Amino acid sequence: MTTAFRHRPPRAGAGRAAGLVPTALLLVGAVYCLFPVVWVLIAATKSPGELFTTSTLSFGTGFLGNVSELFAYRDGVFWWWAGNTLLYAGGGALLSTAVSAISGYTLAKYRFPGRDAIFTLLIGGILVPAVVLAIPQYLLFSKIGLADTYAAVLLPQILHPYGIYLARVYAAAAVPDSLLEAGGRCRARRGGPGGGGKQLPRPLGGVDQHPHHREQAGGGPDEQQGANQPSLYNLILTGAFLSIIPLIALFLTMQRYWKTDLSSGALK
Amino acid sequence: MTHPDRTVRQPGRILWPYVFLTPAIVLFTLFLAVPIGYTVYLATRRAKVSGLGLGRGARREVFVGFENFAAALADAELWHGWLRVLGYGALVLVVMLGLALLFALLLDTARVRLARFSRIAIFLPFAVPGVAATLLWGFLYLPSLSPIREVLDVDFLGATTVTYSMANVAVWGGTGFNMLALYTTLRAIPRDLYEAARLDGASEFQIAVRVKIPLLTPAIILTTVFSIIATIQVFTEPTALRPLTNTISSTWSPLMKVYRDAFVNGDLYSAAATSIVIAAISLVLSLGFLRVVRDRAFGES
């Protein structure tokens with residue numbers, strides 16, 4: 001369909017020059033965004049001695065030493081942190097995506113009394129800072145004896161207003177009503193209208209929510225504790241490096257699921 | 001186009017939306033509505049110490065009405081916090097959204113090279129959690145470690161520069177996400193619209209300014225609203241950067257003051273009142289925007 005419009009008038013020579021400035025500007029942005037990640041990759045390879053003495057952009061020799069020291073730190077508490085993160089991020093992402101997808105789809109594709117009121121209410125949840133909610137949530141959880149449990153951390157983060165919003169926008173744009181008409185009853189037998197959620201844009205995942213609501217992987221509080229102790233710097237840097245590696249790996253493997261061209265999602 | 005099945009399916013369709021929305025509504029009630037109600041309740045109360053404060057019943061909760069709110073509104077430290085966040089927020093919003101729009105438009109131009117690489121690289125910081133991002137930049141700001149300090153002799157953690165340094169962390173983490181949001185919207189616009197402009201002799205720049213930006217307006221408003229809300233609630237960056245410098249006070253942003261009141265001073269009542277003031281200000285600032293967003297983004301659907 002798009003090939004029908006391909007025959008734009010050729011302008012000799014102008015093409016290459018016109019593309020040069022945008023390409024250069026984008027590459028400057030790319031370097032700015034990659035720089036801290038590359039820097040921590042290099043810094044994590046340095047032994048405590050090398051960290052302050054060698055050139056910042058040359059690799060060190062202490063990576064394995066740092067890693068084993070980090071894993072041994074306080075009897076392997078790093079593994080405990082990693083396990084917790086996996087549980088909260090993984091479980092939270094799955095549940096959050098499921099709730100966002102079905103809510104967003106329903107709000108986009110059904111007409112029913114109270115639809116706008118429910119949408120406004122759910123979206124209004126964005127206005128309430130997580131830190132503010134933490135106080136009453138903690139007090140209420142301790143009243144029912146759940147204050148120090150996994151549920152107390154996991155449950156409140158399932159509802160994700162921004163995810164619902166994105167799912168609604170996506171369902172409205174990428175799932176044509178005619179397809180639903182044709183789908184008719186077999187849609188219900190296939191497990192309800194969740195099918196449209198298969199190709200939801202990536203930001204719905206729990207690990208990668210809105211920048212200010214993301215999971216804080218790694219030992220957040222402890223990394224902070226050590227931030228004013230130069231002797232722990234190499235451990236913090238290695239820990240930071242190890243905790244963003246799985247996220248970046250996940251991020252890169254999810255690339256192929258991005259449908260930046262929303263209209264193509266409907267054809268599948 | 002009427003479907004023969006339509007009338008048969010009609011009765012079931014009335015109930016289904018509510019069934020599908022039940023999980024979200026239950027979660028909303030339990031983890032948002034009830035806690036908010038509890039916060040309002042706490043905000044109107046205060047611990048009263050009678051006698052020497054010893055023994056059972058010496059400390060009890062009493063109703064104080066709007067006293068805590070009055071105290072929060074009269075608190076000079078809180079207003080200083082607002083001013084700091086206002087300066088920081090204006091900087092973040094303008095630079096982050098400006099860059100996001102620029103990059104989205106550049107990615108969408110016809111002859112750009114390495115677009116895929118740039119798109120992934122600029123979106124990559126989004127995979128780095130706020131605390132980790134702040135620590136990375138925090139180390140890059142430290143005089144003893146920073147490779148930037150070798151080239152540029154600026155104290156990134158000084159009393160005035162620290163605001164810019166924090167804004168940089170937010171810009172670094174947020175540009176990619178907003179860029180992708182705008183770029184996705186751009187890709188959803190039918191290509192033949194640009195073809196028409198191109199045939200009329202418009203340059204890429206003219207198409208960007210006269211065709212793409214107007215079409216992007218709803219998406220720009222939307223990303224602005226979400227960014228305003230997130231910026232008002234700034235907490236992670238200053239809190240994670242605090243151990244590296246003494247230029248960030250424990251009440252740098254309003255939300256940090258709430259945290260300190262509640263968890264360091266143990267005064268839940270003042271913290272509750274202050275957090276309601278913060279939520280109210282977020283509401284005032286973004287409700288007008290939200291109305292526009294709803295009408296513009298969903299008016300046609």
Side-chain angles (χ1 to χ4, degrees), chain A residues 2 5 8 15 18-19 22-23 25-27 29-30 33-34 36 39-40 52 56-57 99 102-103 106 110 112 118 122 125-129 131-133 135-137 140 156 158-159 172-173 181 184 208 211-212 214-218 220 223-224 227-228 240 243-244 247-248 251 260-262, chain B residues 3 5 17 20-21 23-24 27-28 31-32 35 38-39 103 106 109 111-114 117-118 121-122 124-132 135-137 140 144 147 173-174 177 183-184 187-188 191-192 195 198 204 229-230 233 235 240 243-244 255 258-259 262 268 271 275 279 282-283 301:
Chain A
T2 43
F5 297 103
R8 62 173 72 95
T23 305
L25 284 173
L26 280 169
L27 285 178
C33 288
L34 289 178
W39 179 80
V40 78
F52 295 99
T56 37
L57 293 178
V99 171
I102 196 165
S103 309
T106 309
Y110 287 90
F112 53 94
I118 292 173
L122 291 176
I126 294 174
L127 289 172
V128 188
V131 177
V132 167
L133 282 174
I135 304 163
Q137 276 170 358
L140 290 169
I158 296 173
L159 185 73
E181 285 292 318
D208 35 87
H212 295 270
R214 276 172 299 173
E215 290 298 325
Q216 300 182 345
E223 284 177 353
Q224 279 176 59
N228 50 6
S243 57
I244 63 175
L247 294 175
I248 289 177
F251 174 85
T260 43
D261 192 355
L262 280 178
Chain B
H3 198 277
D5 272 349
F20 293 150
L21 286 172
L27 289 168
F28 182 89
F31 301 114
L32 266 155
Y38 192 54
T39 308
F103 289 146
L106 290 176
T109 44
R111 293 181 189 84
V112 70
R113 306 274 163 130
L114 298 167
F117 166 77
S118 299
I122 294 170
L124 189 77
F126 188 62
V128 181
V131 175
L135 277 170
L136 289 191
W137 279 106
L140 287 170
S144 56
F177 178 80
Y183 179 62
T184 308
R187 301 293 295 175
R191 300 272 114 184
D192 36 331
E195 282 309 314
R198 224 166 256 138
E204 283 288 336
I229 296 168
Q233 301 173 5
F235 179 78
L244 296 177
L255 212 51
V258 172
Y259 182 85
L268 290 170
S275 58
S282 314
L283 197 74
S301 65

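Within every chain, numbering begins at 1; the chains are lettered A, B, ... in the order of the sequence lines, protein sequences first and strands thereafter. Below, all heavy atoms of this structure are taken into account, side chains as well, without hydrogens, waters or symmetry copies. Everything numeric in this text was worked out from a predicted model, so none of it was measured.
By number of non-hydrogen pairs under 4.5 angstrom with chain A, the leading residue of Ser275(B), Ala24(B), Pro23(B), Ala279(B) is Ala24(B). Listed options Leu114(B), Thr39(B), Leu140(B), Leu136(B) were ranked by heavy-atom pairs under 4.5 angstrom with chain A; first place goes to Leu140(B).
Residue Leu124(B) touches chain A through both its backbone and its side chain, counting heavy-atom pairs closer than 4.5 Å. Thr106(A) touches chain B through its side chain: at least one heavy atom from C-beta onward sits under 4.5 Å away, while N, CA, C and O do not.
What you find for Thr109(B) and Pro22(A) is that their closest heavy atoms are OG1-CB, 4.0 Å. Contact detail for Ala132(B) and Ile244(A): the closest heavy-atom pair is CB-CG2, 4.0 Å. Residues Ala121(B) and Cys33(A) approach most closely at O-CB, 3.3 Å, considering heavy atoms. What you find for Gly29(A) and Phe103(B) is that their closest heavy atoms are CA-CZ, 3.7 Å.
In this structure, Leu26(A) and Phe117(B) have side chains that are not in contact, with every pair of non-hydrogen atoms separated by 4.5 Å or more. Residues Leu21(B) and Phe112(A) are in side-chain contact: their nearest non-hydrogen atoms beyond the backbone lie under 4.5 Å apart. Annotation: side chain of Phe31(B) is not in contact with side chain of Leu133(A) (no heavy-atom distance under 4.5 Å).
To the nearest 0.5 Å, atom OG of residue Ser103(A) and atom CZ of residue Phe28(B) are 12.0 Å apart.
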